[in-house]
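Below you'll find the structure, written out as structure tokens, and then a few comments.
Only heavy atoms go into these numbers, but all of them, side chains included; no hydrogens, no water, no symmetry mates. Being a predicted model, the structure only gives us computed values, none of them experimental. All chains are named by letter (A, B, ...) in the order of the sequence lines, taking the proteins before the strands, and each is independently numbered beginning at 1.
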Amino acid sequence: MHRRVRLRLFSTAAVSRHRSPSGAISYEDNSNNGLRHQQQLDQHIARGQLGLAHKVFDAISAPDARAFNALIRAYSWRGPFHAAIDLYCSMLHRRVAPNKYTFPFVLKACSALADLRCGRAIHRHAAAAGLHTDLFVSTALIDLYIRCARFVAAANVFAKMPARDVVAWNALLAGYAQHGMYDHAIAHLLDMQADGHLRPNASTLVTLLPLLAQQGALSQGTSVHAYCIRAYLDQTEEQVLVGTALLDMYAKCKHLVYARRVFDGMPVRNEVTWSALIGGFVLCNRMVEAFSLFKDMLAHGGLCFLSPTSIASALRVCASLADLRMGTQLHSMLAKSGIHADLTAGNSLLSMYAKAGLIDEAEMLFDEMEVKDTVSYGALLSGYVQNGKADEAFLVFKKMQACNVEPDVATMVSLIPACSHLAALQHGRCSHGSVIVRGLATETSICNALIDMYAKCGRIDLSRQVFDKMLSQDIVSWNTMIAGYGIHGLGREATTLFLGMKNEGFAPDDVTFICLISACSHSGLVTEGKHWFRTMTHKSGIQPRMEHYICMVDLLARGGFLDEAYEFIQNMPLKADVRVWGALLGACRIHKNIDLGKRVSRMIQKLGPEGTGNFVLLSNIFSAAGRFDEAAEVRIIQKVKGFKKSPGCSWIEINGSLHAFVGGDQSHPHSSDIYEELDNILIDIKKLGYQADTSFVLQDLEEEEKEKALLYHSEKLAIAFGVLNLSEDKTIFVTKNLRVCGDCHSAIKYMTLVRHRDIIVRDANRFHHFKNGQCSCGDFW
DNA sequence: ATAGGGTTAG
């Protein structure tokens with residue numbers, strides 16, 4: 001602030017008036033003394049001792065332009081940049097005229113600080129001194145305006161230059177490149193070549209290549225490669241720089257073969273070269289190779305090649321492969337090499353632990369970090385969301401705001417799914433509002449997260465609104481919207497949207513078909529689903545993955561074609577994994593096919609059951625058939641093998657706060673009211689013909705007690721709480737972490753009649769819209 | 001010239 005005020009005190013007129021007539025060196029403080037000081041000043045600056053240099057400077061009674069310039073230049077090199085600007089101000093104050101060796105350096109300091117106001121003032125001073133079209137001054141001005149994203153101003157300076165060298169051309173090109181202005185950059189490059197004698201140099205290429213990489217412009221990149229070969233770069237340093245930029249361009253275009261070839265052909269490589277190649281393999285999801293390259297690098301260059309960048313890539317490999325042993329080793333390597341304090345390295349480590357589910361470890365690391373930024377908070381936040389601790393994620397978000405760390409696109413994209421997990425519409429709407437306030441509401445990835453959130457919070461209509469209002473949809477937008485229709489059992493809408501997508505020229509990808517087929521499955525559209533599977537393999541040329549087979553088995557089996565599903569599994573080219581068999585087992589329960597269920601469960605046991613769902617499923621199948629001994633046996637095996645079933649939990653959002661219940665829960669402050677209401681509901685629904693489906697209760701209890709065990713299931717508690725707290729016109733919306741139980745499903749249908757309510761239950765799989773005694777899932781879920 | 005947190009599926 002102080003500095004700006006002082007700058008404005010001096011008009012451009014003052015500058016020109018006191019400009020030294022010749023620019024020649026003249027010492028006002030009587031020769032010898034001044035000469036000695038100047039020599040000392042130069043010496044200290046050469047040794048990088050800026051403190052001492054400044055002391056010598058202060059001892060000069062009347063420093064001249066040369067003394068000022070020397071110190072300004074030194075400060076503009078590595079900072080502190082404001083010291084350079086302060087010196088410039090003092091220069092004006094003491095009526096020493098800045099010259100063509102002053103302006104470029106003080107402008108460089110402004111550029112480093114992105115101080116546009118200061119820079120503009122200096123621009124005026126330079127113009128008054130008639131130096132604004134000087135080659136070096138102009139180039140410095142271009143740098144400044146680019147840094148402040150003032151492209152027109154930069155181009156104006158460029159246009160006014162009487163003569164330009166490659167550096168000037170490169171300065172403007174760098175601006176276009178850094179801001180992803182592909183068309184401007186290419187046009188500028190063509191102008192440069194048309195202008196005559198100037199040829200792109202190494203610096204031009206190193207500026208241009210990252211832009212091509214970012215745009216995925218492989219063919220243009222290849223032309224640049226060809227030019228590089230013709231242009232023959234003789235300096236080693238240039239070869240490494242250009243070679244690395246080329247390699248990176250190929251890697252970012254996912255052309256690893258060429259990236260590798262460039263790498264192999266390079267006579268000299270540095271740590272950046274290695275990092276770029278490793279990053280390329282990570283980008284292409286070739287994690288094992290990426291890690292072996294990392295080891296090669298260490299074998300080749302030792303620890304001095306270890307940088308925060310390469311460590312970051314290696315840690316991403318560990319996170320992706322869920323290899324904690326390797327990750328921990330890297331952690332200690334990091335500590336030994338002394339780069340543990342680096343922000344990037346720290347964030348990578350934090351993220352690795354968070355993704356691996358070691359959230360406590362991540363939290364500890366986070367607390368220990370001395371410098372934290374948006375990314376650090378984002379890593380922790382998404383760690384909580386990914387590990388199912390959505391409420392903790394909100395706390396991190398609050399903490400972040402309390403610490404004045406501004407949430408950005410990635411932060412919000414991580415936070416919004418936390419609302420989806422909780423199915424907390426109010427939270428979701430708040431996040432939506434927050435996104436609008438921050439001016440992020442037009443971001444594609446944010447809209448995608450919002451579409452998903454509204455769908456999972458039961459408002460598919462709002463999902464569609466967000467989708468329709470988007471400036472430009474990407475493949476994820478379409479997939480998310482199709483999936484949203486799917487979990488609401490709106491298979492027809494999903495299909496229509498899919499066709500619309502193709503009409504707009506979007507090529508469906510592998511995930512699109514997963515969304516589409518599962519949408520068909522949830523709506524019982526078996527024929528359509530089979531049709532889309534064939535379309536995918538024959539027309540779209542997409543190789544089915546295990547996920548597609550899971551969807552198909554689910555589609556066939558849920559639709560009642562159990563034998564066909566079984567046959568389908570046996571004919572599939574991949575070896576079916578537990579999830580495929582699990583899908584079939586789930587359908588055996590719905591269709592009460594015990595024989596097949598037993599066979600399938602044997603397959604699953606051979607494969608080693610993953611998770612816990614399948615044990616519970618099998619045991620429920622036995623119970624449903626009244627074969628309690630066998631059901632109990634399955635539970636015992638489950639216990640012996642050490643699998644725990646996560647407890648069923650349901651929750652409901654009332655006026656923006658969440659109320660969660662587990663089965664038989666009495667911890668809620670209004671517990672007695674809730675239980676009383678439930679008992680009343682039971683009396684009413686029995687009058688309409690409801691019978692408790694006690695076949696699902698395992699314990700050896702009297703019939704009435706079994707009924708009670710069912711009555712206090714978590715979803716029923718949450719609904720009763722909703723009945724008590726919401727007016728009749730409001731839909732009751734309950735979320736459950738597991739699949740809704742069969743008895744509850746039947747009871748809730750009756751509840752809609754006796755309490756005149758619409759009830760929506762979102763379980764682990766899908767939505768159930770209960771209305772007028774019926775459910776949207778058609779009793780298949 | 002390289003790099004850290006992010007949305008879709010069952």
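Taking the centre of each ring, A:F294 and A:F291 come in below the 6.0 Å mark. The ring of A:Y250 has its center closer than 6.0 angstrom to the ring center of A:H225. Annotation: A:W478 is in aromatic contact with A:F506 [ring centroid separation under 6.0 Å]. Between A:Y454 and A:H432, a ring centre-to-centre spacing shorter than 6.0 Å is recorded.
A distance of 5.5 Å separates SG in A:C551 from CD1 in A:I514, rounded to the nearest 0.5 Å.
The side chain of A:S382 places no N or O atom within less than 4.0 Å of a non-bridging phosphate oxygen (OP1 or OP2) of B:dG5. Look at A:S445 and you won't find any side-chain N or O under 4.0 angstrom from OP1 or OP2 of B:dG6. Residue A:K355 places at least one side-chain N or O closer than 4.0 Å to OP1 or OP2 of B:dG5. Contact between the side-chain N/O atoms of A:Q386 and the OP1/OP2 oxygens of B:dG6 is found at a separation under 4.0 Å.
The cationic group of A:K372 lies under 6.0 Å from the six-membered ring centre of A:F366 and within 45° of the ring axis, placing it in a cation-pi geometry.
Near DNA chain B, meaning a heavy atom under 4.0 Å from it, residues 473-482 of chain A has A:V476, A:N479, A:T480 in order of number. Of the residues in residues 406-420 of chain A, those lying under 4.0 Å from DNA chain B by heavy-atom distance are A:D408, A:V409, A:A410, A:T411, A:V413, A:S414.
The side chain of A:L241 lies closest to B:dA1 when the candidates are B:dA1, B:dG5, B:dG10. Nearest to the side-chain atoms of A:A245 among the listed nucleotides B:dA9, B:dA1, B:dG5 stands B:dA1. Checking B:dG4, B:dT8, B:dA1 against the side-chain heavy atoms of A:V511 singles out B:dT8 as nearest. Candidate nucleotides B:dT8, B:dT2, B:dG5 were compared by shortest atom distance to the side chain of A:R316, and B:dG5 ranks first. Candidate nucleotides B:dG5, B:dT2, B:dA9 were compared by shortest atom distance to the side chain of A:I514, and B:dA9 ranks first. Considering only the side chain of A:K456, B:dA9 comes nearest among B:dA1, B:dA9, B:dG4. Picking from B:dG10, B:dA3, B:dG5 the nucleotide with the shortest atom distance to the side chain of A:D554 gives B:dG10.
Within 4.0 Å (heavy atoms only), A:I311 reaches no atom of the nucleic acid at all. Among the protein residues, A:T374 comes within range of the nucleic acid bases, having at least one heavy atom under 4.0 Å from a base atom. Here A:R269 lies out of heavy-atom contact (under 4.0 Å) with every strand. Across all strands, A:D509 comes closer than 4.0 Å to no nucleic acid atom at all (heavy-atom distances). Contacts of A:K372 with the nucleic acid, taken as non-hydrogen atoms under 4.0 Å apart, are absent.
A:Y485 and A:R464 share a side-chain donor-acceptor pair at under 3.5 Å.
The CE atom of A:M453 sits 13 Å away from the P atom of B:dT8 (whole-angstrom rounding). The distance from atom CD1 of A:I359 to atom C1' of B:dG5 is 12 Å, rounded to the nearest whole Å. To the nearest angstrom, C1' of B:dA1 lies 13 Å from CD of A:Q178. Regarding A:Q239, its CD atom lies at a distance of 18 Å from the P atom of B:dA1, rounded to whole Å. A:D342 has its CG atom 16 Å from the P atom of B:dT2, to the nearest Å. B:dA3 atom C1' lies 13 Å from atom CG of A:L306, rounded to whole Å. Between the CD atom of A:E547 and the C1' atom of B:dG10 there is a distance of 7 Å, given to the nearest Å. Put simply, CH2 on A:W532 is 18 Å from P on B:dG10, counting in whole angstrom units.
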- Message: Please evaluate residues A:S431 and A:M453 with respect to the criterion side-chain contact (heavy atoms from CB on, under 4.5 Å), reporting the C-alpha separation (whole Å), side-chain torsions for both, the decisive distance (0.1 Å), and the verdict.
- Response: CA-CA 10 Å; A:S431 305; A:M453 183 272 295; 5.9 Å; no
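For a distance-only test at 3.5 Å, the side chain of A:N347 fails to qualify as a donor-acceptor partner of the base of B:dA3.
The only option from A:D452, A:V466, A:I460 that meets the side-chain contact (heavy atoms from CB on, under 4.5 Å) definition with A:M481 turns out to be A:I460.
Ring geometry, A:W532 versus A:F498: the interplanar angle exceeds 60°, so the pair is classed perpendicular (tilted spans 30 to 60°). Ring pair A:F533/A:F568 is perpendicular by interplanar angle, where above 60° counts as perpendicular and below 30° as parallel.
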